[in-house]
Amino acid sequence: MVLWQERAYTRTDENGSPVSFEEYKEREQKSGGRWKLMSKSDVQLYSVTGVGFFLDSYDLFIVNLVTPIWTYLYWGGLQGKTQHYPPLLRGLVNAAANIGNIIGQLTFGYLGDIFGRRFVYGNELIIGIVGLVLLISLPNIIPTPTLKAAWIFCWRFVLGIGIGGDYPISAAIVAERSHLKRRGQLLGWIFSNQGWGNLAGSIVTLIVLACFGLALYGEGKYRQLDAVWRIQIGIALIPALATLWPRLTMPEGRKFLESRELNRSERPESVNSRLSRKSRKSHGEGIELIRSDGTGLQEEIDAARAEIEDQGRRPRLDVFFVYFSEWRHLKTLLGTMSCWFLLDVAFYGTNLNQSVILQEIGYSTGKNEYDFLKRNAIGNLIIAVAGYVPGYFATIFFIEKLGRRWIQIQGFLVTGLMFGVIAGGYNHIGTAGKFVCLAIAQFFFNFGPNSTTFIIPAEVFPSRVRGFAHGVSAATGKLGAILSALLFNYLSGPNIMGLANVLWIYFACNILGAIITYFVIPETKWRDADVTDYEEWMERNVLGRAVGWKTREGRWSWLRRKGL
């Protein structure tokens with residue numbers, strides 16, 4: 001089946017013949033240029049796995065365009081009246097999907113590693129669809145604005161669980177089925193659906209407002225905004241329903257199954273006892289069982305490997321914790337977690353509140369509600385077209401040339417610089433200047449850490465822990481997003497810190513992210529984490545060498561004396 005064609009490295013081919021990583025890498029290097037259009041199977045994989053990120057972006061950023069409508073409808077802001085949507089409540093509603101994301105990322109990432117990708121893929125999308133349907137079904141008979149906000153919060157939370165589950169599983173599936181040479185590009189393509197979701201949100205808003213233009217602008221029937229926001233959000237059901245069946249019928253990937261065979265982190269006791277007994281006999285306590293040609297030894301190695309791999313096929317709940325008990329693995333995880341956290345503080349603080357920022361810098365104005373909503377949507381659209389979407393494609397084009405670390409570092413630095421310019425010259429730079437700096441920041445968010453903090457965890461960890469490790473990294477990022485969503489409206493108020501000082505916080509987050517990337521994050525270009533994981537497993541379980549922690553060195557030292 002073309003849709004789920006696998007092109008990643010596995011230790012054996014489809015016929016069961018062994019394949020060395022060197023052979024695979026050499027074949028990949030001779031396969032042509034890094035930059036080319038996707039194959040048919042790549043396009044299909046892109047369409048099925050990318051829809052979750054489209055929904056993520058569409059939902060998370062459409063709320064940026066819908067919030068003014070909720071303010072008008074439910075918080076007394078219609079027809080020139082003063083709005084009173086409480087900032088902390090608004091922040092909580094904005095953060096609802098991100099809160100759900102954390103649960104989805106951790107839960108589905110963990111289940112995907114334990115029971116397999118096929119076990120969970122599609123189920124997370126069903127949860128998202130249920131949340132989306134019930135969100136737009138908000139009953140108008142709910143008496144108070146606070147209770148309406150509670151309804152919106154609850155179902156955006158459920159929607160967020162489904163969207164969150166898509167992060168680690170889709171990332172793992174793409175990483176485990178892609179050519180090594182173009183793995184970063186395809187992951188970039190998948191994640192670029194965030195850009196299309198953001199762009200689609202602005203376009204849909206303009207189209208829907210145009211359809212309701214006569215009623216809203218000409219006749220002043222602003223209560224019809226109730227239909228506008230439901231259509232804005234509900235349109236996301238189309239791609240979700242279209243890709244549900246292919247997800248539910250996905251076969252399990254060979255690369256993941258191979259990696260899961262290594263889940264037995266130490267030799268079974270039965271193997272230890274048998275080999276220890278054989279070793280004693282070979283030293284004169286009994287009949288010589290291991291001949292000088294190594295035949296008997298190889299039989300014992302094969303038997304040990306077979307028993308270990310048989311146990312590795314069984315679900316293990318502690319694999320993640322065993323793997324990250326090594327400091328070098330844990331250090332990398334802490335690096336991906338902290339970089340994603342720092343990014344999302346600034347990224348979601350900006351994007352969830354972009355309408356507020358545009359209004360603060362003097363862009364979103366209008367003589368009535370319709371003019372304000374239209375100008376706000378146009379401003380978001382311009383930033384998406386000028387900065388947000390092109391940033392993804394810059395990453396796709398350069399990621400196999402420049403590497404992941406360089407793109408992440410320069411993205412953090414340039415984005416931080418833009419926030420520093422706006423904050424430092426807030427009272428001196430005009431609206432146009434601030435708008436341009438904001439667009440540049442959006443470009444380098446995506447030609448930078450917003451893309452690479454997603455790509456690196458999908459590449460740097462082996463398949464058997466990739467889902468949960470990616471989910472933990474993403475969930476930590478969402479903590480930053482929640483923190484920013486909850487506090488932005490409060491801290492940016494003129495009587496607290498003001499917008500300029502909040503932007504200084506974003507500046508600091510970006511600079512710190514660049515420093516952590518430089519010292520902690522490894523380059524993953526041309527690296528296969530499963531190959532490294534297998535080599536470490538062989539040293540521990542066949543050669544008996546210590547790898548990263550204290551082991552009973554020498555227990556199998558006689559294997560090394562045999563040249564193995």
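One is the number of the first residue; the rest follow in order along the sequence.
Listed for the R117 side chain is a donor-acceptor partner under 3.5 Å among the backbone atoms of G112. Distance alone, capped at 3.5 Å, is enough to place a donor-acceptor pair between the S451 side chain and the N446 backbone. Looking at D344, its side chain never comes within 3.5 Å of a backbone N or O of Y348 through a donor-acceptor pair. With hydrogens and angles ignored, the 3.5 Å screen pairs a side-chain donor or acceptor of E258 with a backbone N or O of R11. For the pair T476 (side chain) and M337 (backbone), a donor-acceptor distance under 3.5 Å is absent. Distance alone, capped at 3.5 Å, places no donor-acceptor pair between the Q105 side chain and the G165 backbone. Looking only at distances, a side-chain donor or acceptor of T107 sits under 3.5 Å from a matching main-chain atom of I103. Checked by atom type and distance alone, the side chain of N123 pairs as donor or acceptor with a backbone atom of F119 at under 3.5 Å. In this structure, the side chain of S20 engages the main chain of E23 through a donor-acceptor pair within 3.5 Å. In this structure, D113 contributes its side chain and G467 its backbone to a donor-acceptor pair below 3.5 Å.
Looking only at side-chain heavy atoms (C-beta outward), I455 and I399 come within less than 4.5 Å of each other. Within the 4.5 Å cutoff, the side chain of F461 has heavy atoms near those of the L333 side chain. Two residues are said to be in side-chain contact when any heavy atoms from C-beta on lie closer than 4.5 Å; V19 and Y9 meet this criterion. Between F444 and M418, the closest side-chain pair of non-hydrogen atoms is not below 4.5 Å. Counting heavy atoms from C-beta outward, W189 and V43 have side chains that stay 4.5 Å or more apart. Contact check for L334 versus W327: side-chain heavy atoms found under the 4.5 Å cut-off. The shortest distance between side-chain heavy atoms of R466 and V460 does not fall below 4.5 Å. Residues F191 and N450 have side chains in contact (heavy-atom distance under 4.5 Å, counting atoms from C-beta outward).
Of the options Y46, F393, F53, Y392, a ring-ring contact (aromatic ring centres under 6.0 Å, His included) to W196 is made by F393 and by none of the others. Just one residue in the list N510, T415, T453 forms a side chain to side chain contact (heavy atoms under 4.5 Å, CB included) with L343, and that residue is T453.
Ionic pairing of R156 and D59 is present here: one or more N-O contacts between side-chain nitrogen and carboxylate oxygen are shorter than 4.0 angstrom. Using a cut-off of 4.0 Å between Lys/Arg side-chain N and Asp/Glu carboxylate O, R328 and E536 are scored as salt-bridged. Using a 4.0 Å cut-off between a side-chain N of Lys or Arg and a carboxylate O of Asp or Glu, E124 and R247 qualify as a salt bridge. Between R260 and E252 no salt bridge is recorded (no basic side-chain N to carboxylate O distance below 4.0 Å). E261 and R464 are not joined by a salt bridge, as no carboxylate oxygen comes within less than 4.0 angstrom of a charged side-chain nitrogen. Under 4.0 Å is where a charged nitrogen must lie from a carboxylate oxygen, and between E459 and K525 no such pair does.
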Under 3.5 Å, which donor-acceptor pairs do the side chains of residues 512-522 form with other protein atoms, sequence neighbours left out?
unit_1	atom_1	unit_2	atom_2	d
T517	OG1	Q408	NE2	2.8
T517	OG1	G513	O	2.8

- prompt: Going through the checks in order, is the side chain to side chain contact (heavy atoms under 4.5 Å, CB included) test met by F347 and Q442?
  reply: CA-CA 8 Å; F347 181 73; Q442 289 285 19; 4.2 Å; yes

task: Decide yes or no on side chain to side chain contact (heavy atoms under 4.5 Å, CB included) for S473 and F341, but give the supporting numbers first.
output: CA-CA 8 Å; S473 300; F341 174 85; over 6 Å; no

- request: Begin from the C-alpha positions of W504 and F419 and carry the test side chain to side chain contact (heavy atoms under 4.5 Å, CB included) through to its verdict.
  value: CA-CA 7 Å; W504 277 123; F419 285 127; over 6 Å; no

message: What verdict does the side chain to side chain contact (heavy atoms under 4.5 Å, CB included) test give for R118 and Y121, after you've listed the backbone C-alpha separation in whole Å, the side-chain angles of each residue and the deciding distance to 0.1 Å?
response: CA-CA 5 Å; R118 183 178 182 179; Y121 209 43; over 6 Å; no

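Within the structure, salt bridge (Lys or Arg N to Asp or Glu O under 4.0 Å) pairs that include any residue of residues 467-482 do not occur (at least two apart or interchain).
Side chains of R183 and Q185: a donor-acceptor N/O pair is absent below 3.5 angstrom, by distance only. Judged purely by distance below 3.5 Å, without hydrogens or angles, the side chains of Y24 and D528 never pair a donor atom with an acceptor atom. Checked by atom type, the side-chain pair Q5/D42 shows no donor-acceptor distance below 3.5 Å. Looking only at atom types and distance, the side chain of R404 has no donor-acceptor partner in the side chain of T452 under 3.5 Å away. Side-chain contact check for S259 and S463: no donor-acceptor pair (N or O, by modelled atom type) lies under 3.5 Å.
Distance check: L106 CG to I161 CD1 gives 11.0 Å after rounding to the nearest 0.5 Å. With rounding to the nearest 0.5 Å, the separation of CG in L92 from CD1 in I99 is 5.5 Å. Rounding to the nearest 0.5 Å gives a distance of 6.0 Å between CG of D56 and CG of N101. K401 contributes atom NZ, which lies 11.0 Å from atom CD1 of I407 (distance to the nearest 0.5 angstrom). Atom CG in L125 sits 6.5 Å away from atom CG in L55 (nearest 0.5 Å). Of the inter-residue distances, the one linking K255 atom NZ with T10 atom OG1 reads 7.0 Å to the nearest 0.5 angstrom.
Classification of the Y167-H470 ring pair by plane angle, with boundaries at 30° and 60°, yields tilted. By the 30° and 60° cut-offs, the orientation of the rings of F398 relative to F447 is tilted. Below 30°, between 30° and 60°, or above 60°: for W537 and Y534 the angle between ring planes is below 30°, a parallel geometry.
Taking every heavy atom of both residues into account, Y323 and P462 meet most closely at OH-CD, 3.1 Å. Residues G109 and I169 approach most closely at CA-CD1, 4.4 Å, considering heavy atoms. For Y506 against S484, the heavy-atom pair with the smallest separation is OH-OG, 3.2 Å. Contact record, T243 with S47: CG2-O, 3.7 Å, taken as the closest heavy-atom pair. Scanning all heavy atoms of the two residues, the minimum distance from S57 to N193 falls at CB-O, 4.5 Å. Across P457 and W340, no two heavy atoms sit closer than the pair CG-CZ3, 4.2 Å.
Evaluation of the salt bridge (charged side-chain N to carboxylate O under 4.0 Å, His left out) rule for E523 yields no partner, not counting sequence neighbours.
Aromatic pair F320/Y110: ring centres not closer than 6.0 Å.
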